[in-house]
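What you see is a predicted model, and the numbers here were worked out from it, not measured in a lab. One-based numbering, in listed order, for ligands and for the atoms of each.
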Amino acid sequence: MLDNSRLRIAMQKSGRLSDESKKLLAQCGIKINLQEQRLIAFAENMPIDILRVRDDDIPGLVIDGVVDIGIIGENVLEEEVLDRQAEGQNPQFKMLRRLDFGGCRLSIAAPRDFDYQGPECLQDLRVATTYPHLLKRYLAQYDVTFKTCLLNGSVEVAPRAGLADVICDLVSSGATLEANGLKEIEVIYRSKACLIQREGKLPTEKQALIDKLMTRIQGVIQARE
Ligand code: ATP
Ligand code: ZN
């Protein structure tokens, strides 16, 4: 039986957000003994369970109320919300705060010799991406429609492999684009990690614990600025 009295926090198991997420929770005074292969870790000194999952699963876990809190990139969160809305759902959650890590941008990139004059140049092209909804929302502003090549990895090799004309992918330094003969032509979304809470009223003690953690996070982030 699930223990509903403990605060459940979802974070990425391994990837670009996991070290900083772990560090943030530790700096808030949560003593967790993370064992590499374990899905769940229990805090020793507070009624908190840490769920370690693929980042893509975190927005859904919070929206569906499976966990109380999630640490997630805004890019993944926003894409999930748009995806659910496209399916006629009305996804709900509370944005607790933006965090000071996980910064990246979602950009459109094209082969180096592509003569880019503006979003209109992308009309009817095939775009390889993991973020079709964010891209659609962006290009709709210019009345541009496109064809999708949906990939969850290796997006940057799609043009060379003849799978797509251009790509829309996360960029931090641009080195990966360069290495694949691509150039960044349009930034469509700037993202950071954020902390979200599930919708609905939580038991008083749980909410009090979240409030206490939020005060600590505020202090930790301020001290780092
Ligand atoms: P998982 O196995 O959990 O699904 P993943 O491979 O999808 O992991 P990561 O590459 O670890 O995801 O990235 C997780 C998040 O880190 C991204 O969604 C984004 O919010 C953030 N991020 C920060 N910098 C970058 C970057 N340079 N490239 C990709 N993501 C970045
Ligand atoms: Zn992922």
Notebook entry, point to check: Do we see a donor-acceptor contact under 3.5 Å between the side chains of Gln123 and Thr145?
Noted result: yes
Next item on the list: Considering only non-hydrogen protein atoms, determine which one is nearest to atom 14 (C) of ligand 1 and report residue, atom name and distance to 0.1 Å.
Entry: Asp55 OD2, 3.3 Å
Next item on the list: Give the contacting part of Val76 toward ligand 1: side chain, backbone, both or neither, where contact means a heavy-atom distance below 4.0 Å.
Entry: side chain
Next item on the list: Just jot down the ligand 1 atoms closer than 4.0 angstrom to any heavy atom of Gly73, in number order.
Entry: 20 (O)
Next item on the list: If you have a sec, work out which protein heavy atom is nearest atom 22 (N) of ligand 1 and how many Å separate them, to one decimal?
Entry: Cys104 SG, 3.6 Å
Item checked: Asp100 and its salt bridge (charged side-chain N to carboxylate O under 4.0 Å, His left out) partner, picked from Arg224, Lys192, Lys23 -> Arg224
Item checked: Apart from Val155 itself, residues in the same hydrophobic cluster as defined by side-chain heavy atoms under 4.5 Å -> Leu151, Ile167, Val171, Leu177, Leu182
Note to self: Need the ligand 1 atom indices (1-based, order shown) with element for anything under 4.0 Å from a heavy-atom of Gly15.
What the structure shows: 11 (O)
Notebook entry, point to check: Which heavy atom of the protein is the closest neighbour of atom 30 (N) of ligand 1, given with residue, atom name and distance?
Noted result: Leu170 CD1, 3.3 Å
Next item on the list: State the atoms of ligand 1, each with its element, that fall below the 4.0 Å cut-off from a heavy-atom position in Gly103.
Entry: 23 (C), 24 (N)
Margin query: With no hydrogens and no angle check, just 3.5 Å: does a side-chain donor-acceptor pair link Glu79 and Asn75?
Written below: no
Notebook entry, point to check: How is the N/O/S atom of Asp56 that comes nearest to the Zn ion (ligand 2) named?
Noted result: OD1
Item checked: Donor-acceptor pair between Glu186 and Tyr116 side chains, under 3.5 angstrom -> yes
Checklist line | Pair Asp57 + Lys13, salt bridge at N-O below 4.0 Å | finding: no
Next item on the list: Would you indicate which of Met11, Arg16, Gln12 comes nearest to atom 12 (O) of ligand 1 when only heavy atoms are counted?
Entry: Gln12
Margin query: Under a 4.0 Å threshold between the charged nitrogen and the carboxylate oxygen, would Asp68 count as salt-bridged to Arg198?
Written below: yes
Item checked: Shared hydrophobic cluster for Leu25 and Val67 (ILVMFWY, side-chain gaps under 4.5 Å) -> no
Notebook entry, point to check: What are the atoms of ligand 1, with element, lying closer than 4.0 Å to any heavy atom of Leu17?
Noted result: 15 (C), 16 (O)
Checklist line | Contact check, Gly153 vs ligand 1, heavy-atom distance below 4.0 Å | finding: no
Next item on the list: Check the pair Ile210, Leu96 against side-chain contact (heavy atoms from CB on, under 4.5 Å), reporting the backbone distance first and the verdict last.
Entry: CA-CA 10 Å; Ile210 294 175; Leu96 292 176; 4.2 Å; yes
Next item on the list: Select one of side chain, backbone, both or neither to describe which atoms of Arg54 lie under 4.0 Å from any atom of ligand 1, heavy atoms only.
Entry: both
Margin query: Just by distance, no angles: are the side chains of Glu156 and Thr176 close enough, under 3.5 Å, to form a donor-acceptor pair?
Written below: no
Margin query: Checking a contact table here: which protein heavy atom is nearest atom 20 (O) of ligand 1, and how many Å away?
Written below: Asn75 OD1, 2.7 Å
Note to self: Please name the atom of Asp55, limited to N, O or S, that comes nearest to the Zn ion (ligand 2).
What the structure shows: OD1
Margin query: What protein heavy atom lies closest to atom 27 (N) of ligand 1? Include the residue and the distance to one decimal.
Written below: Ser172 OG, 2.5 Å
